[in-house]
Amino acid sequence: MQTTVKIILDQKGRDVWSIPADRPVSEAIKLMAEKEIGALIVLEDERPVGLVSERDYARKVILKGKSSQGTQVRDIMSTKILYVHPETTVEQCMALMNEKKVRHLPVLDGSSLVGMLSIRDLLRAIIDDQKYTIEQLERYITG
C-alpha cells in the first residue's frame, strides 16, 4: 500500500498556519518560531496568494540588509504555490519537491486548504514505510 497525503495528515494533524500579506516579515518569523514550522500560507482577502518560508526570509531580507519590521510579507513571499491533494502519494510529493526545489506543499481538498506538508513529514513517512517493510521481511525470514 502506498502512503498518501491523507494518511500523513491523519497522523500529524491538519493545522495550517497563515499570515496576511500586509503584515511585517517580523510577525511571520515570530509565528514560525512559535509554531516550530518553516513556512506559512500568505492570505489576501482570506484566500491563499503565496507562501513565505524561513528561506525567503534569509535570502530576501537578511542577505539584502532589509528590515524585518519594515518589510511586508507580500514583498518576500513566493507567489507560485504548488499544491497537492489528499490522494497524492509520498513518492509523487517527493518528486514534485525535488523537481521544483521546494520544501513545503499546501494540501487542497477540492478548493479547501486542509493541510501543509514539509519535506520532513515526507521523509518521516518514507522511513516508517521502510521500517514496516523490514519488519515484515524479518518475520517472513524467521517465520
Side-chain angles (χ1 to χ4, degrees), residues 1-140:
M1 179 178 127
Q2 289 193 332
T3 301
T4 63
V5 168
K6 180 186 180 320
I7 293 169
I8 295 171
L9 292 179
D10 287 346
Q11 292 171 353
K12 82 166 215 144
R14 296 173 183 269
D15 292 335
V16 179
W17 302 103
S18 63
I19 190 159
D22 62 353
R23 303 306 307 152
V25 170
S26 58
E27 284 186 28
I29 294 302
K30 182 179 178 189
L31 181 57
M32 284 187 259
E34 286 172 3
K35 302 302 179 186
E36 297 181 346
I37 57 174
L40 299 167
I41 293 289
V42 181
L43 302 176
E44 274 188 0
D45 300 323
E46 298 300 315
R47 50 182 220 349
V49 294
L51 190 81
V52 64
S53 69
E54 294 168 326
R55 182 181 274 184
D56 292 320
Y57 174 68
R59 292 180 178 179
K60 298 172 186 173
V61 176
I62 297 297
L63 287 179
K64 293 190 176 187
K66 293 182 178 180
S67 159
S68 59
Q69 301 262 347
T71 304
Q72 289 186 343
V73 170
R74 76 166 36 92
D75 297 330
I76 69 163
M77 69 183 185
S78 300
T79 56
K80 291 185 179 178
I81 309 173
L82 301 172
Y83 294 97
V84 293
H85 302 280
E87 319 68 54
T88 309
T89 66
V90 168
E91 291 79 11
Q92 291 168 323
C93 291
M94 288 297 289
L96 181 61
M97 285 181 154
N98 186 46
E99 178 187 338
K100 301 297 184 181
K101 297 177 176 52
V102 297
R103 296 175 183 224
H104 299 90
L105 291 172
V107 182
L108 284 182
D109 192 359
S111 61
S112 299
L113 188 62
V114 296
M116 175 83 89
L117 291 181
S118 70
I119 197 159
R120 179 179 293 151
D121 298 324
L122 298 173
L123 290 173
R124 187 175 298 124
I126 290 168
I127 290 168
D128 288 347
D129 285 349
Q130 289 175 344
K131 283 181 184 177
Y132 177 77
T133 300
I134 290 168
E135 288 171 5
Q136 294 304 312
L137 289 170
E138 285 175 344
R139 283 190 195 149
Y140 177 76

Residues I41, L51; criterion side chain to side chain contact (heavy atoms under 4.5 Å, CB included); working and verdict: CA-CA 5 Å; I41 293 289; L51 190 81; 3.6 Å; yes
Gap between atom NE2 of H85 and atom OG1 of T88 - 0.5 Å precision: 6.0 Å
Which atom of L123 lies closest to which atom of M94, heavy atoms considered: CD2-CE, 4.0 Å
Qualifying side chain to side chain donor-acceptor pair (under 3.5 Å) pairs with a residue from residues 93-117, counting only residues at least two apart or across chains: none
Lys/Arg-Asp/Glu bridge criterion (N-O < 4.0 Å) met for K6, D10: yes
Neighbour count above 12 (heavy atom, 6.0 Å) for Q69 CD: no
Donor-acceptor contact below 3.5 Å, side chain K12 vs main chain M116: yes
L40 side chain reached by M32 side chain, heavy atoms, under 4.5 Å: yes
Enclosure of Q136 CD (heavy-atom neighbours >12, cutoff 6.0 Å): yes
Test applied, side chain to side chain contact (heavy atoms under 4.5 Å, CB included); reference residue, C93; option that passes from L105, I8, I119, V107: L105
Nearest heavy atoms of V73 and P20, plus distance in Å: CB-O, 4.1 Å
pair T3-L122: side-chain heavy atoms closer than 4.5 Å: no
Exercise: identify the closest heavy-atom pair between S67 and V61: C-CG1, 4.1 Å
Side chain proximity check, S78 to D56, heavy atoms < 4.5 angstrom: yes
Distance, nearest 0.5 Å, that separates CG of D129 from CD1 of I134: 11.0 Å
Verdict with supporting geometry, T4 and E87, side chain to side chain contact (heavy atoms under 4.5 Å, CB included): CA-CA 6 Å; T4 63; E87 319 68 54; 5.6 Å; no
Interatomic distance, L9 atom CG to L117 atom CG [nearest 0.5 angstrom]: 5.5 Å
Steps toward side chain to side chain contact (heavy atoms under 4.5 Å, CB included) verdict (V49, M77): CA-CA 9 Å; V49 294; M77 69 183 185; 3.9 Å; yes
CD on E54 to CD1 on I62, rounded to 0.5 Å: 11.5 Å
Nearest heavy-atom neighbours spanning K60 and K66: O-CD, 3.5 Å
Heavy-atom closest contact (A28 atom, V52 atom, distance): CB-CG1, 4.4 Å
Exceeds 12 heavy-atom contacts within 6.0 angstrom, atom CZ of R14: yes
Heavy-atom side-chain contact between L108 and V114 under 4.5 Å: no
Side chain to side chain contact (heavy atoms under 4.5 Å, CB included) evaluation trace for I19 with L43: CA-CA 6 Å; I19 190 159; L43 302 176; over 6 Å; no
Atom pair OG/CZ of S53 and R59 - distance to nearest 0.5 Å: 8.5 Å
OH (Y83) with more than 12 external heavy atoms under 6.0 Å: yes
Beyond-backbone contact of Q11 with R124, side-chain heavy atoms, under 4.5 angstrom: no
